[in-house]
Number of protein chains: 2
Amino acid sequence: MVITPKNSSESNREYAFRTISENIISLDIEPGSMIGEQEIATMLGLSRTPVHEALLELSKSKIVDILPQKGCLVSMIDSELIREARFLRITVETALVEDACELAKEEDLKYLEDNLELQEFYLSKDPDKLLALDNEFHKSIYRICNKMQCHYMVSLMSMHFDRVRSLSLHSVKDLKIVSDHRAIFEAIKKKDPAAARSAFQKHMARFELDWNIICREYKKYIAEPSR
Amino acid sequence: MVITPKNSSESNREYAFRTISENIISLDIEPGSMIGEQEIATMLGLSRTPVHEALLELSKSKIVDILPQKGCLVSMIDSELIREARFLRITVETALVEDACELAKEEDLKYLEDNLELQEFYLSKDPDKLLALDNEFHKSIYRICNKMQCHYMVSLMSMHFDRVRSLSLHSVKDLKIVSDHRAIFEAIKKKDPAAARSAFQKHMARFELDWNIICREYKKYIAEPSR
DNA sequence: TACTTCAAACTAGTATACAAGTTTTTTAGA
DNA sequence: TCTAAAAAACTTGTATACTAGTTTGAAGTA
């Protein structure tokens with residue numbers, strides 16, 4: 001488990017939530033492993049209470065499964081939940097990129113452009129940095145459309161998806177996501193909703209290809225279909 | 001505050017969450033009022049802990065606003081958050097009703113039909129019962145499409161919307177929602193995605209009309225636009 | 001050795017106690 | 001009476017203590 005210092009602006013609960021989330025997404029906490037409240041509390045120098053509350057929130061998205069009086073199971077990579085997370089993101093964000101064509105102001109376009117340049121810079125250098133920029137790019141679309149509450153809900157579910165993207169960035173060589181993002185950006189800049197829509201859907205379709213590769217390489221982390 | 005007995009299958013935290021939610025949506029707890037953890041804990045015969053955790057979860061959807069060391073504010077009716085909740089529901093459920101045309105089995109159609117008959121029965125008799133059946137109808141669409149995790153996320157945000165629907169059912173006389181639901185059902189039964197889509201969008205558009213009526217009648221509960 | 005039983009060592013859920021910050025009330029002073 | 005400062009009475013955040021249930025492992029029995 002990777003522990004970063006506590007940000008002065010965050011509460012103990014927020015600190016615990018952020019740290020656990022980061023470690024689950026980065027796979028520093030392995031899918032299928034058990035984590036104890038006391039164990040994490042000790043590592044973070046906190047009591048059980050804020051850790052308990054953080055795990056409670058994480059359990060809402062089923063990224064962890066609290067087994068009362070037993071422990072806290074970090075979920076295996078579950079293709080059904082990833083499917084749901086993808087469905088939600090594709091559905092919501094497809095609608096958003098169309099709206100963004102109308103709503104994006106000059107400063108919004110500037111911000112997206114800056115983000116894209118950083119993505120291009122870090123493309124082959126730092127996968128984790130790229131992932132953070134990717135997330136920020138998508139988040140900006142929500143911000144442009146004044147849908148930050150939706151972003152919170154979608155991002156909570158996206159953790160299932162993010163964990164796999166984390167794998168993907170490290171194992172899949174041929175990355176097209178940055179050029180995808182630029183195509184989406186250009187469509188928004190040209191205020192062309194149809195182009196934005198198709199560029200976004202092309203972007204999200206790419207994942208289908210990667211899934212087969214990931215299944216092969218990380219079989220041990222992938223849940224058996226329950227049916 | 002209306003207190004129902006604790007269901008034997010639910011934990012104290014779930015009991016607190018359910019009770020507080022129900023009272024916020026039914027407006028038995030007034031928008032803009034302050035509620036204390038201790039106060040609610042005493043009413044429910046619990047300690048602060050499970051109540052605290054329930055309020056924490058509610059704060060994630062911004063239906064309550066926890067002010068540290070001050071108290072817990074039940075949010076005013078906020079048109080921006082309602083807009084977001086509606087956007088999310090319309091976007092997600094429009095996609096779902098299309099999919100449902102393909103995925104609905106005989107037993108699913110049977111279940112929807114039964115629900116519809118109950119809706120028709122309670123239409124002019126019991127607004128709260130009707131609201132519950134309405135929610136169950138929409139939830140069934142998620143179930144048919146295997147998207148229950150999405151349902152949880154959407155429903156958490158929908159509380160803003162639900163609170164207004166609760167007003168609407170009591171104050172708006174001309175209710176078309178049941179016939180809307182039947183139109184959606186018939187489209188799914190005929191496996192006609194285009195018809196399902198348009199029936200659903202017609203259903204959700206209806207709310208625009210009611211909003212003006214609600215604003216007039218319940219002005220005291222509606223937040224000032226912050227901008 | 002293999003199986004049972006029971007106790008000890010874990011787990012999370014919840015109650016309580018205290019810490020830290022805000023609001024309200026009281027009191028002192030003019 | 002009015003103002004200002006201090007203290008008391010609140011609030012939530014967090015730590016700790018206890019409860020209840022699960023797992024584990026050792027002791028006892030065949």
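Each chain gets a letter, A, B and so on, in the order its sequence line appears, and its residues count up from 1.
Rounded to whole angstrom, the span from the CG atom of A/Leu73 across to the P atom of D/dT23 amounts to 13 Å. Nucleotide D/dT23 holds its P atom 9 Å from the CG atom of A/Leu67, rounded to whole Å. Here the P atom of nucleotide D/dT12 and the CZ atom of B/Arg48 are 6 Å apart, to the nearest Å.
Applying the ring-ring contact (aromatic ring centres under 6.0 Å, His included) criterion to B/Tyr15, with sequence neighbours excluded, gives no partner residue. Partners of A/Phe207 according to the ring-ring contact (aromatic ring centres under 6.0 Å, His included) rule, which considers only residues two or more places apart in sequence or in another chain, are A/Phe161. Every side chain to side chain contact (heavy atoms under 4.5 Å, CB included) that B/Glu30 has, sequence neighbours left out, goes to B/Ser33, B/Tyr221. When the ring-ring contact (aromatic ring centres under 6.0 Å, His included) test is applied to B/His52, no partner is found at least two apart in sequence or on another chain. By the ring-ring contact (aromatic ring centres under 6.0 Å, His included) test, A/Tyr122 is found to be paired with no residue, residues two or more places apart in sequence or in another chain being considered. Residues satisfying the side chain to side chain contact (heavy atoms under 4.5 Å, CB included) test with B/Asp108, not counting sequence neighbours, are B/Ala104, B/Lys105, B/Ile144.
Toward the 5' end of DNA chain D, the nearer of the two residues A/Pro50 and A/Pro68, judged by each one's closest nucleotide, is A/Pro50. DNA chain D is contacted by both B/Lys70 and A/Lys70; B/Lys70 maps to the nucleotide lying nearer its 5′ end (nearest heavy atom per residue).
Between the side chain of B/Gln69 and the base of D/dT12 there is at least one donor-acceptor pair of N/O atoms closer than 3.5 Å.
Within 6.0 Å of NZ on A/Lys6 lie more than 12 heavy atoms contributed by other residues, nucleotides or ligands. No more than 12 heavy-atom neighbours from other residues, nucleotides or ligands sit within 6.0 angstrom of CD on B/Glu102. Within 6.0 Å of atom NZ in B/Lys110, 12 or fewer heavy atoms from other residues, nucleotides or ligands are found, so the atom counts as exposed in its surroundings.
The stretch residues 54-63 of chain A participates, sequence neighbours left out, in these side chain to side chain donor-acceptor pair (under 3.5 Å) pairs: A/Glu57-A/Tyr152, A/Glu57-B/Lys60, A/Lys60-B/Glu57, A/Lys62-B/Gln149.
Remark: A/Lys125 qualifies as a cation-pi partner of A/Phe121 under the 6.0 Å distance and 45° angle criteria applied to the six-membered ring. For the pair B/Arg143 and B/Tyr111, the cation sits on the ring face: its NZ or CZ lies under 6.0 Å from the ring centre, inside 45° of the axis.
A heavy-atom distance below 4.0 Å to DNA chain C is reached by these residues of residues 31-44 of chain A, ordered by number: A/Ile35, A/Gly36, A/Glu37. Within residues 6-23 of chain A, the residues approaching DNA chain D are A/Ser11, A/Asn12, A/Arg13, by heavy-atom distance under 4.0 Å. Within a heavy-atom distance below 4.0 Å of DNA chain D, the residues of residues 52-65 of chain B found are B/His52.
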- [ ] Before giving the answer on side-chain hydrogen bond (donor to acceptor under 3.5 Å, both in side chains), spell out for B/Ser168 and B/Asp210 the whole-Å C-alpha distance, their side-chain angles and the decisive distance to 0.1 Å.
- [x] CA-CA 7 Å; B/Ser168 173; B/Asp210 298 355; 3.2 Å; yes
- Could you give me the CA-CA distance, side-chain angles and deciding distance for A/Arg13 and A/Thr49, then say whether side-chain hydrogen bond (donor to acceptor under 3.5 Å, both in side chains) is met? CA-CA 8 Å; A/Arg13 163 165 37 86; A/Thr49 305; over 6 Å; no
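B/His151 and B/Tyr142 have perpendicular rings, their planes meeting at more than 60° on a 0 to 90° scale where under 30° would count as parallel.
Over its full length, the helix from C/dT1-D/dA30 to C/dA30-D/dT1 turns its helical axis through 30°, comparing axes from the five pairs at each end and rounding to 10°.
For A/Ser47, a side-chain nitrogen or oxygen approaches OP1 or OP2 of D/dA15 to under 4.0 Å.
Heavy-atom contacts of chain B under 4.0 Å fall on DNA chain C between two terminal nucleotides, which in 5' to 3' order are C/dG13 to C/dT23.
At a cut-off of 3.5 Å, with distance as the only test, a side-chain donor of B/Arg165 or B/Asn135 sits close to an acceptor on the other residue.
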